[in-house]
Protein chains: 2
Amino acid sequence: MKEADEVRTLRAKLDLKGAHLTKQRAAVFAYLSAVDHHPTAEEVFLAVKRDVPKISLATVYKNLEALVACHAATKLNYGDAAARYDIRTSPHYHTRCLKCGRISDLDPVPENELTQLIKPPEGFAALDYRIEIAGYCKNCSDQKEE
Amino acid sequence: MKEADEVRTLRAKLDLKGAHLTKQRAAVFAYLSAVDHHPTAEEVFLAVKRDVPKISLATVYKNLEALVACHAATKLNYGDAAARYDIRTSPHYHTRCLKCGRISDLDPVPENELTQLIKPPEGFAALDYRIEIAGYCKNCSDQKEE
DNA sequence: ATTCTTGCAAAAGATTTGCAAACAA
DNA sequence: TTGTTTGCAAATCTTTTGCAAGAAT
């Protein structure tokens, strides 16, 4: 999908919630689309500030939540203190490095095999499987702490 | 295992780290053992205060971390803002209710089938699989939000 | 006796909120 | 024009920390 299409899709998703597409919101979305990992709000803030110097951290938070609300992004609360945001909204899973904190994508897992192996108890209405493998990423594997 | 044995086991685990077994620590451990879900530090604090009225929230946090450090409990960061603590230390997985926030245990998943289905990328040193099914628990399924 | 723990208050980090001015539809 | 968003500062929530007094080994 070329960039113009992505923006059109985003605008449509926002429209459904009566939300506007501002310069700040577009910049947050663009950064989330550009990076290959899943940054914290702080990281997004620092990066986006290069394009929109006057943007505030509160605005970044509000925009990240707006993207989540219109299903243009996903919030990842697994793991450490600061939440992370992910531009992908289709089901997929993550690795998390215990040393550097980086969250990356896992190779796809067949949906049906997964739900067959892992079943919720009677009466629990499952909406979302969340899977994370914690460990040491390639870069950190060498210098890992005790 | 009867209660005296549990305390003996706990004491042994603490000893390995040079940690003491105080009245407060025992109460935190006892509460964690007694409940069938996985409470936040705040919940533990409120509950334990009934037995140890002068206990402080900071002490509860310190004790929960001490239990995690000596492998007498596990910390669950999946999901919402406040971490939750789990007396079980062997690998197992959870359900999380999106309405009431309750974290409960999932039926066991065969370890080998799991690692065969879900594999980390080349070079990633996997230490811990974390799996959560988010959805609505039996109690909340009826009155669930839009 | 020595080391660890408690409880308090203050600090820190992440996130949210209230509000008037600015912007998008 | 109307409703949404921005940026700021203050507030909130969870968790951590420093420290003197008290408890466990």
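Letters A, B, ... mirror the listed sequences (proteins, then strands); counts begin at 1.
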With a 4.0 Å cutoff (strictly under), does any side-chain N or O of B:Q24 reach OP1 or OP2 of C:dG7?
yes
Between P on D:dT5 and CD on A:E65, what's the gap in Å once rounded to a whole number?
13 Å
Take atom CZ of B:F45 and atom C1' of D:dT15, then tell me their distance rounded to the nearest Å.
14 Å
Out of C:dG7, D:dT15, D:dG7, which has the shortest distance to the side chain of A:K62?
D:dG7
What is the distance, to the nearest angstrom, from the NZ atom on A:K54 to the P atom on C:dC23?
10 Å
Considering only side-chain heavy atoms of A:L21, which listed nucleotide, C:dA9, C:dA25, C:dG18, is closest?
C:dA25
Between A:E43 and A:Y85, is any side-chain donor less than 3.5 angstrom from a side-chain acceptor?
no
Specify the separation, in whole Å, of atom CG of A:L57 and atom C1' of D:dT5.
16 Å
The answer to which of B:K23 and B:E42 contacts DNA chain D further toward the 5' end, by nearest nucleotide, is B:E42
Do B:R130 and B:D128 meet the salt-bridge criterion of a basic N to acidic O distance under 4.0 Å?
yes
A:L76 CG to C:dT15 P, in whole Å, measures 12 Å
C:dA14 OP1/OP2 closer than 4.0 Å to side-chain N/O of A:T40
no
Side-chain N or O of A:T59 closer than 4.0 Å to phosphate OP1/OP2 of D:dT5
no
The nucleotide from D:dT16, C:dA24, C:dT5 with an atom nearest the side chain of B:Y61 is D:dT16
What contact category does B:A19 fall into here, base, sugar-phosphate, or nothing, at under 4.0 angstrom with non-hydrogen atoms?
sugar-phosphate
Of the listed nucleotides (C:dC8, D:dT14, C:dT17), which one gets closest to any side-chain atom of A:A58?
C:dT17
Rounded to whole Å, CG of B:L16 lies from P of D:dT25 at a distance of 14 Å
Rounded to whole Å, please give me the gap between CG in B:L67 and P in C:dT5.
11 Å
Heavy-atom pair of closest approach, residues B:C70 and B:K13:
CB-O, 3.4 Å
So, are A:E122 and B:K138 salt-bridged, with charged N and O less than 4.0 Å apart?
no
For B:K13 and C:dC4, what is the distance between atoms NZ and P respectively, to the nearest whole Å?
21 Å
Is there a side-chain contact between A:R25 and the phosphate of D:dT4, meaning an N or O under 4.0 Å from OP1 or OP2?
no
Of B:R11 and A:G18, whose closest DNA chain D nucleotide lies nearer the 5' terminus?
A:G18
Tell me yes or no: between the side chains of B:H94 and B:D86, is some donor less than 3.5 Å from an acceptor?
yes
Between B:K17 and B:I55, just flag the one whose closest nucleotide in DNA chain C comes earlier from the 5' side.
B:K17
Restricting to non-hydrogen atoms, name the atom on A:P121 and the atom on B:L106 that form the minimum distance, rounded to 0.1 Å.
CD-CD1, 3.9 Å
Which part of the nucleic acid, if any, lies within contact of B:D15, taking any heavy atom under 4.0 Å across all strands shown: a base, the sugar-phosphate backbone alone, or nothing?
nothing
